[in-house]
Amino acid sequence: MKRGAALLALGSLVAGFVLRGWGIGQGYPEFYGDVDEIGVAASIWNFLRAGTLRPTELTYPGFYSYLTAASVWLSGAAGLVPRLGSLRDSLVLASFVDPAWVALVGRGVSAVLSTLVIGIAYRLGREAYDRRTGAIASLFTACASLPIGRAHMALPDSAMAFLAALCFYYSWKIACRGARLDYVLAGLSAGLVVATKYNGAFTALGLV
């Protein structure tokens with residue numbers, strides 16, 4: 001039973017990642033994506049062009065944009081964009097010749113974070129009930145259509161879902177043992193949810 005539940009959870013994690021990663025290059029490099037991706041991408045490129053951390057797209061808070069900007073920077077350091085002098089110069093060049101690159105990277109960030117939610121669902125279900133419940137929870141989470149769809153976009157929804165899941169998990173840990181670290185991690189997760197998307201503020205109710 002334990003081995004079967006573990007295999008189901010692992011299979012759900014792999015299947016969930018495949019479903020979330022399949023097709024994230026839609027529209028690339030012409031940049032035919034969700035209209036909100038354009039504003040988020042422009043704000044991220046502005047960080048690199050202007051050498052600032054001041055966002056220019058205020059539809060969403062800045063945490064997801066910072067996270068994606070860091071990932072774009074790492075992609076440049078890994079040689080995934082044409083090199084021209086310094087790394088910053090290379091990324092500035094990429095922002096003009098391949099502006100959709102930031103959306104592709106952002107979709108990758110969304111896919112990874114959305115996949116991690118599957119693991120959190122398994123962990124929470126296992127600790128709250130048993131391994132079988134956790135495995136079933138991971139299966140449903142892996143196949144849910146809405147998270148899969150949002151994971152294909154360079155938008156903060158998947159990041160918010162990941163942080164919200166963390167907040168709920170550590171809220172559960174507070175209810176079980178009330179360790180100080182659980183309060184810190186739950187509060188940190190709740191704060192980052194709000195820093196990712198405004199309506200994520202309701203996640204803090206999990207702490208209550």
Side-chain angles (χ1 to χ4, degrees), residues 13 16-17 19-21 24 26 31 33-48 50 52-75 95 99-124 137-138 141-142 144-174 181-208:
L13 194 67
F17 180 69
L19 289 171
R20 286 156 176 76
I24 62 172
Q26 173 205 354
F31 211 159
D34 188 283
V35 64
D36 286 348
E37 287 183 301
I38 298 174
V40 172
S43 182
I44 295 170
W45 280 132
N46 185 64
F47 295 153
L48 301 169
T52 179
L53 292 177
R54 180 177 297 175
T56 55
E57 159 53 48
L58 300 178
T59 304
Y60 308 106
F63 183 71
Y64 172 77
S65 295
Y66 296 141
L67 191 62
T68 302
S71 300
V72 170
W73 187 274
L74 289 174
S75 75
S95 72
W101 174 248
V102 68
L104 197 61
V105 173
R107 292 172 183 178
V109 171
S110 294
V112 170
L113 294 180
S114 183
T115 302
L116 292 177
V117 176
I118 301 170
I120 297 173
Y122 169 72
R123 189 73 180 266
L124 181 56
S138 68
T141 306
S145 60
L146 183 59
I148 292 173
R150 303 311 290 179
H152 285 80
M153 300 179 184
L155 294 173
D157 302 80
S158 295
M160 183 191 74
F162 167 69
L163 293 165
L166 277 182
C167 181
F168 292 144
Y169 174 72
Y170 286 112
S171 295
W172 164 254
K173 300 296 284 186
I174 290 171
L181 181 60
D182 297 327
Y183 280 99
V184 171
L185 293 175
L188 179 62
S189 300
L192 288 176
V193 168
V194 180
T196 305
K197 198 169 181 181
Y198 297 114
N199 58 6
F202 292 105
T203 302
L205 294 175
L207 286 167
V208 179

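Along the sequence shown, residues are numbered consecutively beginning with 1.
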Note to self: According to salt bridge (Lys or Arg N to Asp or Glu O under 4.0 Å), does anything in residues 191-202 pair up with another residue at least two apart or in another chain? List the pairs.
What the structure shows: D157-K197

Margin query: Quick one, F162 and I120 - any side-chain contact, counting heavy atoms below 4.5 Å?
Written below: yes

Margin query: To the closest 0.5 Å, what do you measure between OH (Y60) and CG (N199)?
Written below: 9.5 Å

Item checked: Rounded distance [0.5 Å steps], CZ in F168 versus OG in S189 -> 10.5 Å

Note to self: So T52 and N46, do their side chains get closer than 4.5 Å, heavy atoms only?
What the structure shows: yes

Next item on the list: State, yes or no, whether a side-chain contact exists between F47 and P55 at a heavy-atom distance under 4.5 Å.
Entry: yes

Note to self: Return the CG to OG distance between L166 and S171, rounded to the nearest 0.5 Å.
What the structure shows: 10.5 Å

Note to self: Nearest 0.5 angstrom please: L155 CG to T68 OG1, how far?
What the structure shows: 9.5 Å

Next item on the list: Mind listing the closest non-hydrogen atom pair of S158 and A151 along with its distance?
Entry: OG-CA, 3.4 Å

Check: Heavy-atom distance under 4.5 Å between the side chains of W45 and P99, does that happen here?
Finding: yes

Notebook entry, point to check: Between S114 and P147, what is the shortest heavy-atom contact and its length?
Noted result: OG-O, 3.8 Å

Check: With a 4.5 Å limit on heavy-atom distance, are the side chains of R20 and I118 in contact?
Finding: yes

Checklist line | Main-chain N/O of L67 paired to S71 side chain as donor or acceptor, under 3.5 Å | finding: yes

Next item on the list: Please report the shortest heavy-atom distance between R107 and Q26, naming the atom on each side.
Entry: NH1-O, 2.8 Å

Checklist line | Atom CZ of F17: over 12 foreign heavy atoms under 6.0 Å | finding: no

Check: What closest approach, in Å, do V40 and S65 show between heavy atoms, and which atom pair accounts for it?
Finding: CG1-OG, 4.0 Å

Next item on the list: Measure the shortest side-chain to side-chain distance between Y64 and S110 over non-hydrogen atoms and say whether it is less than 4.5 angstrom.
Entry: yes

Checklist line | Heavy-atom closest pair, residues A159 and T196 | finding: CB-CG2, 3.9 Å

Note to self: Does F202 have more than 12 heavy atoms from other residues, nucleotides or ligands lying within 6.0 Å of its CZ?
What the structure shows: no

Next item on the list: Hey, could you give me the SG/CG distance between C167 and L163, rounded to the nearest 0.5 Å?
Entry: 9.0 Å

Note to self: Just so I know, are the side chains of Y122 and L13 near enough to count as touching, which here means a heavy-atom distance under 4.5 Å?
What the structure shows: no

Next item on the list: Output the distance between atom CG (L124) and atom OG (S138), rounded to the nearest 0.5 Å.
Entry: 12.0 Å

Notebook entry, point to check: What are the two closest non-hydrogen atoms of V194 and P61, and how far apart are they?
Noted result: O-CG, 3.3 Å

Notebook entry, point to check: With a 4.5 Å limit on heavy-atom distance, are the side chains of L113 and L116 in contact?
Noted result: yes

